[in-house]
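Indexing begins at 1, ligand by ligand and atom by atom, following the structure's order.
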Amino acid sequence: MQDATDGAADGASDGAADGAADSAAHLRAEAVIDLRAVEHNTRLVLSAARAVNPAAELMAVVKADGYGHGAEQVAAAALRAGATALGVATPTEAMALIAAGHSSTADRPIVAWLWVPDEDIAPAVAAGVQLVVYSPAHLEAVTAVAASAPGGVALIHLKIDTGLGRGGAVPAAFDVLARAAAAAQQPDSRNGQVEVVGVMSHLACADEPGAASVPVQIAVFEAGCRTAAEAGLTVRWRHLANTPGVLEWPGSVFDLVRCGIGLYGISPFEAPHDKADRLRPVMTLRARVALTKRVPAGHGVSYGLRYRTATETTLALVPLGYADGIPRTAGPEARVLIAGRLRPIAGRIAMDQFVVDCGDDDISPGDEVLILGPGAHGEPTAVNWADACGTIGYEIVTRISSRVPRRYVGST
Ligand SMILES: *Cc1c(COP(=O)(O)O)cnc(C)c1O
C-alpha cells in the first residue's frame, strides 16, 4: 500500500489537497485519495443503519477498483472504521483483494455477485469467497467445486429479483432455487456441500425519495426471506439496502447493508439530503499545467476548432484527457480551478489533454489544476462534473483510469 506524509492530519477533506500540493511537485497528474474521509463516511452510513437495527453490519462495496479509488486501500480503511464485509461484482475482483492481503472468512467475508456459471470460480471458492447464486446453474457450479472450500463447505448467498430486473431469481423461481440450495446443504448430497448464509436483493429507485417501488421491493424481499425459511434455510444475513437505501429508507435495512457510493463521499441523491450532505468526498483529481501561451483573438482550440478565443488571451494546456477518464461529452459548464478561479474548458477534450482559456491571468507551467475534489477550495465536485456530462457522480470517479496514479493520504 502506497502512503505519504500529508497535511490531512485533522482528517479534514481539504487537507488532502493541501498535502498533495506539497509532495507531488513533479507529477503530471494524480488522484489523491483521503482515507480518513473513507473512515468518516463508513462511520456515518454504519450509524444510519444502526439507528434502525443496532446489530446491522456494513459491507463495504469496493467493486470496480473501489469506484476508481483503489479497492485494497478503501477496503482497509472501511474495515478499520467498522465494516465487517467486502463486496465486489466479480470473483476476479475478490481474488485481487486476496492477492493484496485481504482475507475472506466466515465472519468477515468477501462477497462476489456477478459471474457466469461456466467461469472458473474454483480459486475464489477455495479462498473462502462467498458467491451469490441466483439460478440452478449457478448453484450447480458452486456445489461442483465446494469440496475445495475452507472446511469443505462453500458459503453462499441467494439473490431474489424483487423488481430490479437484473440479477436474481424472480419470486416464482425462488422457491425452487431455495429448495435446491437446502438440498445442497445436506452432507450426503451427491456434490460438494454448500451453506446458505445470506439472502439478498437490490433496489431500483432508492435514490428517489418517495419512490413507490421501494416499499414494494421491501415486501417482496420479506416474502422471499419467508420462502427461504420455509425451505429450511436459516440465514445469517438478509441484505437489501445500498447507500441510498440506508440513508433514505429505514425499512430496507435488515441484517447487513451494502454501501459503495456513500463511502466515497458522493451523494446518490439529486436534491440536497440531510444525511448524504454530511458525507466527505474522498477523491481529489489534480494535474499541473504543461504549457501556457499567448494567442491572438480568433485562435481556434482543439479538434474541430469548436472554440475560438474572443480576445488575445493565455491558453493553458492540461495534460489529462478522455484516456484518463475526463469525459469527452462534458458540456460547456465543465470547469476546472486554476489560480483560485473556475475556468471553462476551451474546445474538445482530447485523448490525453485539454485546454483552458485563462484570459490575462498570470498562469505558468507547473501551476496546479484542480479538476475535481470535495469543493473546499472552490473546485468542482464529482457531482458538478456529472451534471455537466449528463451522468451521475458514480460514473465520474469510476472512470478515472489507471493512467492517473493514486496517492493515499490519511492511512494509519
Ligand atoms: C454496486 C452495488 C451496491 C452499492 O451501491 P451504492 O449505491 O454504491 O451504495 C450494492 N449492492 C449491489 C448488488 C451492487 O451492485
Inset, instruction - May I ask whether Arg166 places a heavy atom under 4.0 Å from ligand 1? - result: yes
Inset, instruction - Considering heavy atoms of the protein only, find what lies nearest to atom 2 (C) of ligand 1 and give residue, atom and distance to 0.1 Å. - result: Lys63 NZ, 2.5 Å
Legend entry - Heavy-atom nearest neighbour of atom 9 (O) of ligand 1 within options Leu247, Thr243, Thr398, Val45: Thr243
Inset, instruction - Measure the spacing between SG of Cys225 and CD1 of Ile160 and express it to the nearest 0.5 Å. - result: 5.5 Å
Inset, instruction - Could you label the plane-to-plane angle of the Trp237 and His157 rings as parallel, tilted or perpendicular, counting under 30° as parallel and over 60° as perpendicular? - result: parallel
Legend entry - Ligand-residue contact atoms, ligand 1 with Cys259, heavy atoms, under 4.0 Å: 9 (O)
Legend entry - Per-atom contacts of ligand 1 with Tyr67, taking only distances under 4.0 Å to non-hydrogen atoms: 1 (C), 4 (C), 5 (O), 6 (P), 8 (O)
Legend entry - Test of ring centre spacing under 6.0 Å for Phe254 and Phe221: yes
Legend entry - Pro244 heavy atom under 4.0 Å from ligand 1: yes
Legend entry - Minimum-distance protein heavy atom relative to atom 13 (C) of ligand 1: Trp113 CE2, 3.6 Å
Legend entry - Protein contact to atom 11 (N) of ligand 1 [nearest heavy atom, distance to 0.1 Å]: Arg258 NE, 2.8 Å
Legend entry - Pro268 to ligand 1, any heavy atom closer than 4.0 Å: no
Inset, instruction - Ignoring angles and geometry beyond distance, decide whether Gly262 reaches within less than 3.5 Å of ligand 1 through its nitrogen or oxygen atoms. - result: no
Inset, instruction - Taking atom types as modelled, find out whether Asp352 and Tyr322 have a side-chain donor-acceptor pair closer than 3.5 angstrom. - result: no
Legend entry - Nearest-0.5 Å distance that lies between atom CD in Glu119 and atom CG in Leu114: 8.0 Å
Inset, instruction - Mind checking the CE-OH spacing from Met283 to Tyr264? Nearest 0.5 Å is all I need. - result: 10.0 Å
Legend entry - Structural part of His202 in contact with ligand 1, heavy atom criterion under 4.0 angstrom: side chain
Legend entry - Arg406 and Glu30 ion-paired at < 4.0 Å: no
Inset, instruction - Would you please indicate yes or no on a ring centroid separation below 6.0 angstrom for His138 and Trp115? - result: yes
Legend entry - ligand 1 contact by Tyr264, heavy-atom criterion under 4.0 angstrom: no
Legend entry - Closest approach of any protein heavy atom to atom 7 (O) of ligand 1, naming residue and atom: Tyr394 OH, 2.7 Å
Inset, instruction - Go through the steps for Val397 and Trp385 under the test side chain to side chain contact (heavy atoms under 4.5 Å, CB included), then give the verdict. - result: CA-CA 10 Å; Val397 289; Trp385 272 90; over 6 Å; no
Inset, instruction - Using distance alone, determine whether Lys159 and ligand 1 share an N or O pair under 3.5 Å. - result: no
